[in-house]
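Every heavy atom of this structure was used, including side-chain atoms; hydrogens, water molecules and symmetry mates were not. These figures come from a predicted structure and were not determined experimentally. Just so we're on the same page: letters track the sequence lines, and every chain starts at 1.
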Number of protein chains: 2
Amino acid sequence: MKDSKNSPGASLLDYPRPSVAVDTAVLTVADGSVCVLLVRREEDHQHGKWALPGTFLRERETLADAVLRCLRDKAGISGRVPRQLQVFDEPGRDDRGWVLSVAHVDMVPLTDLEEALKSNGVRLASTTGEPELIVGLPYGHADIVAKAVEWLRAAYAEAPDPGALLDEPFTLRDLRELHEAVAGAPLMRDTFRRFMEPKLAGTGQMSDGTRGRPSRLWVRG
Amino acid sequence: MKDSKNSPGASLLDYPRPSVAVDTAVLTVADGSVCVLLVRREEDHQHGKWALPGTFLRERETLADAVLRCLRDKAGISGRVPRQLQVFDEPGRDDRGWVLSVAHVDMVPLTDLEEALKSNGVRLASTTGEPELIVGLPYGHADIVAKAVEWLRAAYAEAPDPGALLDEPFTLRDLRELHEAVAGAPLMRDTFRRFMEPKLAGTGQMSDGTRGRPSRLWVRG
DNA sequence: GAAATAGTGTCTTTAAGACAATATCAG
DNA sequence: CTGATATTGTCTTAAAGACACTATTTC
């Protein structure tokens, strides 16, 4: 039952190998909705089309390093903790050849993206407000975005601002509005407070109550 | 800031490509503990060493197909729903060269493994009782087993026997003992019942109470 | 004082933990 | 009947949902 090609002494070089790409969904929250960073493709026949930043894995490079290199070179941002989502391998998803894509996700505060967004080769797309743009992405990137948003929601259901999208210190209102944007649904004010307060560290400070009673300011635990 | 090698017109063939392997942790429950299937390596310099069944991805083959082919050829089993866990890419994890391993996990009832276990090239290893064997696995397979068991526990915390390891129909006692083996800890009898009963379908039948009051028999919802 | 927002209290519902009580089998 | 196991009931505790109330600011 053994495959004869797997006989002892066979070299790895005897087999054809796939190209391996990394594609990253850089997520942020802007104007109350989850947005994903897109770059204009320049290096292939999709020239001019918007897509997730991606690159091919180089020799002796880890996947995480490839992701960081790609974000630096194509979007000018220093991503923080890219996480591997899954490998997409449907045949035909990439018409350039036999390409596996290892999808990643990262969360970056909007302020860290402002410099990159000055380039007209970089833009944000709302995942809730611009469905036609998202579903039209090449190379099956729409699937990656969907997985990434799903992962983001799971992360934000567990802890206060795990992606550090909010500048510190912040009020519980700021935090709740951020979590509502991620969840895409309103969250109960008091239930939210009871869940989050034990996971935050209070500063002694108060917000300047520009409209109404001032609020306590917090930082992530 | 663009990389010159990524200029339009460059071919995928211009870049060196990694070998891509799939390694699968086939899990089952035997004698009250979670076990993983190992095969004796024959095709490389680890000849004779126990390891997870794995193979290299072939051209125009999906990862899932490669996993199924490997399990069929090396262990003689028809795996059911292999799930992708994650890519392991630490340089140096494989001394045969530049190899990425896409780890998978599958759950198979012990009865479906009996035929395969007659071969002396196939064995089970308890993940709790034989740590020295597991941690000694080559190619970083110990990490894969750890991830796989973690995944199994998460799956069994959510639903009754999602891997269909138990023959139907079964009693709630059978189900609880299986879940205790997976969790590696005793589970409260009444809490377990209250959680699982709504997710099961009752047959009219009763077990033959060989010791004590007979129990109702259930099937998965 | 009115409007706005922050912070606290509490009632209800739901689920889990922990037992206790009852039911039904083999011997 | 006794021993063993299954099934049901209930008390307590913890957490969430849903409100209501009080407190502190700006205007």
Side-chain angles (χ1 to χ4, degrees), chain A residues 29 31-32 153-162 165-221, chain B residues 29 31-32 153-162 165-221:
Chain A
V29 171
D31 294 328
R153 289 193 172 149
Y156 271 73
E158 302 242 313
D161 191 20
L165 297 181
L166 223 48
D167 284 338
E168 295 183 322
F170 48 80
T171 67
L172 269 171
R173 183 191 187 84
D174 296 333
L175 186 67
R176 184 163 52 91
E177 284 173 348
L178 171 64
H179 279 251
E180 285 176 337
V182 170
L187 300 173
M188 300 279 308
R189 190 172 61 117
D190 37 11
T191 303
F192 184 79
R193 172 187 297 273
R194 274 186 296 205
F195 182 74
M196 290 299 177
E197 261 196 11
K199 305 177 184 189
L200 294 171
T203 67
Q205 306 166 299
M206 303 290 283
S207 72
D208 57 336
T210 63
R211 301 187 305 279
R213 175 172 169 176
S215 172
R216 280 185 281 191
L217 291 171
W218 306 80
V219 294
R220 287 172 283 269
Chain B
V29 171
D31 295 328
R153 288 194 172 149
Y156 271 74
E158 302 242 313
D161 191 20
L165 297 181
L166 223 49
D167 283 339
E168 293 182 324
F170 47 80
T171 67
L172 268 171
R173 184 191 187 83
D174 297 332
L175 184 67
R176 183 163 53 89
E177 283 173 349
L178 171 64
H179 278 252
E180 285 176 337
V182 170
L187 300 173
M188 300 280 307
R189 190 170 59 119
D190 37 11
T191 302
F192 184 80
R193 172 186 297 272
R194 274 187 295 205
F195 182 73
M196 290 299 177
E197 260 196 12
K199 305 178 182 187
L200 295 171
T203 67
Q205 306 166 299
M206 305 289 283
S207 72
D208 57 336
T210 63
R211 303 186 304 279
R213 175 172 171 177
S215 174
R216 280 185 283 189
L217 291 171
W218 306 80
V219 295
R220 286 171 283 270

Using whole Å, what does the distance between atom [atom2] of nucleotide [N] and atom [atom1] of [X] come to?
X: A:Leu175; N: C:dG7; atom1: CG; atom2: P; result: 13 Å
X: A:Met206; N: D:dT25; atom1: CE; atom2: P; result: 7 Å
X: B:Arg216; N: C:dC25; atom1: CZ; atom2: C1'; result: 16 Å
X: B:Gln205; N: D:dA6; atom1: CD; atom2: P; result: 17 Å
X: B:Met196; N: C:dA15; atom1: CE; atom2: C1'; result: 15 Å
X: B:Arg173; N: D:dA4; atom1: CZ; atom2: C1'; result: 9 Å
X: A:Asp208; N: C:dT5; atom1: CG; atom2: P; result: 14 Å
X: A:Leu217; N: C:dA6; atom1: CG; atom2: C1'; result: 12 Å

For the side chain of A:Arg213, starting at C-beta, report the closest nucleotide among D:dA23, D:dT8, C:dT8.
D:dA23
Using the side-chain contact (heavy atoms from CB on, under 4.5 Å) definition, which of the options B:Asp174, B:Thr171, B:Leu172, B:Leu200 pairs with B:Leu217?
B:Thr171
A:Glu180 vs A:Phe192, test: side-chain contact (heavy atoms from CB on, under 4.5 Å). Steps then yes/no.
CA-CA 10 Å; A:Glu180 285 176 337; A:Phe192 184 79; over 6 Å; no
Could you go through A:Lys199 and A:Arg220, starting from their C-alpha distance and side-chain angles, then the distance that decides it, and tell me whether this counts as side-chain contact (heavy atoms from CB on, under 4.5 Å)?
CA-CA 7 Å; A:Lys199 305 177 184 189; A:Arg220 287 172 283 269; over 6 Å; no
Taking atom CG of A:Leu187 and atom CZ of A:Phe195, what is their separation to the nearest 0.5 Å?
11.0 Å
What's the verdict on side-chain contact (heavy atoms from CB on, under 4.5 Å) for A:Val29 and A:Tyr156, showing C-alpha distance, side-chain angles and the deciding distance?
CA-CA 12 Å; A:Val29 171; A:Tyr156 271 73; over 6 Å; no
Any [X] side-chain nitrogen or oxygen under 4.0 Å from OP1 or OP2 of [N]:
X: B:Arg211; N: D:dT5; result: yes
X: B:Ser215; N: D:dT7; result: yes
X: B:Arg193; N: D:dT7; result: yes
X: A:Arg189; N: C:dA6; result: no

Donor-acceptor pair, B:Ser215 side chain versus B:Ser207 backbone, under 3.5 Å?
no
When you compare the protein's N or O atoms with those of nucleotides 11-17 of chain D, which come within less than 3.5 Å of each other, and at what distance?
from: D:dG17; atom 1: N7; to: A:Arg194; atom 2: NH2; distance (Å): 3.2

Output, in order, the C-alpha distance, side-chain angles, deciding distance and verdict of side-chain contact (heavy atoms from CB on, under 4.5 Å) for A:His179 and A:Arg153.
CA-CA 9 Å; A:His179 279 251; A:Arg153 289 193 172 149; over 6 Å; no
